[in-house]
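One structure is given here, and the rest of the page talks about it.
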Amino acid sequence: MDQNTRSIVELAWARVLNVPDQALLSPLDTRIMRADDSMVMYVRLWHHEVLVAPPAVIERAADLPGEALADGPSLLGLASGAGGGTARLLGATALAFSDTFVPGRDLESTPVTDDPQAVVDLERLCPPDDVAEVGLSEMSWSFALLDDDDATLAGAGFDEWEHLLAHVGILTPPARRRAGHARIAAGIATNEALDRGLVPQWRARTDNAPSRRLAARLGYVTVGSQTTVVLG
């Protein structure tokens, strides 16, 4: 991954986290604490750290190492013990990015459709939790992968973040898994994002080894993490 790609990622995430544009571009180790009563989120990118949280959580986290803030149960404990209301762990995820096109003739020869109904039909074949986590039909660009009989094999797409990143999502029905369809769909989405001048972003739960292996196979490099607690 070249330096320009890294700078784009750091700028985009600075804007996502609502910190100054230059905040994550420093060559020095950086830890930023931003007060926000509506959320608890810890993001690490390379040697930069950002914690967005209510003041009481920031105070409790001030002397903790990054490893503790990146850990889901640990961050949940901080959020739950620092004030009223409820707190729910949304997830601890790895963040990976790519600036390399995915090769393969099958990415060009496999039939696809960008018909929104095909994507909705794909979601009906998948477990509700997977559908909710990926949110494929709600993405700004998505498609379904088809076989020669127009049966749905998988789907992928991305949301554009800050006009800089393409947040990629992949969805495969249980009956179609372990056949290489996710690799093709994800490769097509990755290449489309690069064609549009965006940096593809892959976010996978830290315990989702298959997703992380697929990302690495496609050329994504893990450079950070995101841990989020939802406040009720």
Side-chain angles (χ1 to χ4, degrees), residues 1-16 24-25 43-46 48 93-116 118-119 122 130 133-148 150 152-173 176-206 208-226:
M1 185 182 303
D2 66 28
Q3 182 58 47
N4 182 61
T5 301
R6 174 171 172 169
S7 296
I8 291 171
V9 170
E10 291 169 332
L11 173 60
W13 269 96
R15 293 176 177 177
V16 169
L24 304 182
L25 297 175
V43 172
R44 178 183 58 82
L45 289 171
W46 288 280
H48 303 302
T93 62
L95 296 174
F97 304 88
S98 176
D99 54 12
T100 305
F101 284 92
V102 180
R105 285 184 295 180
D106 50 358
L107 273 64
E108 300 176 1
S109 62
T110 303
V112 300
T113 177
D114 60 1
D115 180 358
V119 176
L122 166 65
D130 292 352
E133 182 174 352
V134 177
L136 189 60
S137 62
E138 299 173 0
M139 289 184 164
S140 56
W141 180 79
S142 61
F143 67 92
L145 199 70
L146 307 174
D147 65 12
D148 292 337
D150 289 338
T152 305
L153 301 174
F158 56 75
D159 265 333
E160 190 172 319
W161 287 19
E162 304 298 331
H163 307 294
L164 296 168
L165 303 181
H167 181 66
V168 175
I170 296 92
L171 192 62
T172 307
R176 298 290 190 175
R177 292 174 184 172
R178 300 182 183 276
H181 305 312
R183 179 192 63 80
I184 295 172
I188 293 172
T190 298
N191 290 349
E192 177 69 19
L194 291 168
D195 279 337
R196 297 189 186 193
L198 303 170
V199 176
Q201 170 181 278
W202 189 289
R203 183 172 62 188
R205 291 183 180 273
T206 53
N208 190 342
S211 179
R212 299 184 67 179
R213 283 196 300 268
L214 176 58
R217 184 180 177 190
L218 294 170
Y220 285 78
V221 179
T222 299
V223 300
S225 65
Q226 176 188 8

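Smallest separation of non-hydrogen atoms from Ser98 and Gly219: OG-O, 3.7 Å. Contact detail for Ala156 and Ile170: the closest heavy-atom pair is CB-CG1, 4.1 Å. Across every non-hydrogen atom of Thr152 and Arg176, the tightest pair is O-NE, 3.5 Å.
Geometrically, Arg15 does not engage Trp161 in a cation-pi contact, judged by NZ or CZ lying under 6.0 Å from the ring centre and within 45° of the ring axis.
Residue pairs meeting the salt bridge (Lys or Arg N to Asp or Glu O under 4.0 Å) criterion with at least one partner in residues 210-224, sequence neighbours excluded, are absent.
We find the CE-NE2 distance between Met139 and His167 to be 5.5 Å, quoted to the nearest 0.5 Å. Taking CZ of Arg183 as the reference point, atom CD1 of Ile188 lies at 9.5 Å (rounded to 0.5 Å). Of the inter-residue distances, the one linking His48 atom NE2 with Leu25 atom CG reads 7.0 Å to the nearest 0.5 angstrom. To the nearest 0.5 angstrom, Thr190 atom OG1 is 5.5 Å from Leu218 atom CG. Atom NE2 of His181 sits about 8.0 Å away from atom OG1 of Thr172, to the nearest 0.5 Å.
Side-chain contact check for Asp99 versus Asp2: some heavy-atom pair is nearer than 4.5 Å. Counting heavy atoms from C-beta on, the side chains of Ile184 and Leu145 come closer than 4.5 Å. Residues Leu45 and Arg6 are not in side-chain contact: their nearest non-hydrogen atoms beyond the backbone lie 4.5 Å or more apart. Between Leu122 and Leu136 the shortest side-chain heavy-atom distance falls below 4.5 Å. Side-chain contact between Glu192 and Arg196 is present, with at least one heavy-atom pair separated by less than 4.5 Å. Using a 4.5 Å heavy-atom cutoff, the side chains of Leu194 and Val102 are not in contact. Residues Phe143 and Val119 have side chains not in contact (no heavy-atom distance under 4.5 Å, counting atoms from C-beta outward). For the pair Ser142/Phe158, no side-chain contact is recorded, criterion being any heavy-atom separation below 4.5 Å from C-beta on.
Between Trp202 and the choices Thr93, Leu95, Leu214, the side-chain contact (heavy atoms from CB on, under 4.5 Å) rule is met once, by Leu214.
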>> Walk me through whether Leu165 and Glu160 qualify under side chain to side chain contact (heavy atoms under 4.5 Å, CB included).
In response: CA-CA 6 Å; Leu165 303 181; Glu160 190 172 319; over 6 Å; no
> Which is it for Glu10 and Trp46 under the side chain to side chain contact (heavy atoms under 4.5 Å, CB included) test, yes or no, and what are the steps along the way?
Replying inline: CA-CA 9 Å; Glu10 291 169 332; Trp46 288 280; 3.7 Å; yes
> Stepwise, does the side chain to side chain contact (heavy atoms under 4.5 Å, CB included) test hold for Leu11 with Leu164?
Replying inline: CA-CA 9 Å; Leu11 173 60; Leu164 296 168; 4.0 Å; yes
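Considering only residues two or more places apart in sequence or on other chains, Asn191 meets the side chain to side chain donor-acceptor pair (under 3.5 Å) condition with none of them. Residues passing the salt bridge (Lys or Arg N to Asp or Glu O under 4.0 Å) test with Glu133, sequence neighbours excluded: Arg205. With sequence neighbours excluded, no residue satisfies side chain to side chain donor-acceptor pair (under 3.5 Å) with Thr206. Legend: residues meeting side chain to side chain donor-acceptor pair (under 3.5 Å) with Ser137, ordered by chain and number and at least two apart, are Glu123. In terms of the side chain to side chain donor-acceptor pair (under 3.5 Å) criterion, Asp115 has no residue partners (sequence neighbours excluded).
No donor-acceptor pair under 3.5 Å is formed between the side chain of Thr5 and the backbone N or O of Met1.
No side-chain donor-acceptor contact under 3.5 Å links Tyr220 and Thr100. In summary, the side chains of Trp13 and Gln201 do present a donor paired with an acceptor at a separation below 3.5 Å, with no hydrogens or angles considered.
Salt bridge annotation for Arg177-Asp130: present, with a cationic side-chain nitrogen under 4.0 angstrom from a carboxylate oxygen.
Annotation: Asp195, atom CG; neighbour count of heavy atoms from other residues, nucleotides and ligands within 6.0 Å is above 12. Heavy-atom neighbours of Glu138 CD from other residues, nucleotides or ligands within 6.0 Å: at or below the threshold of 12.
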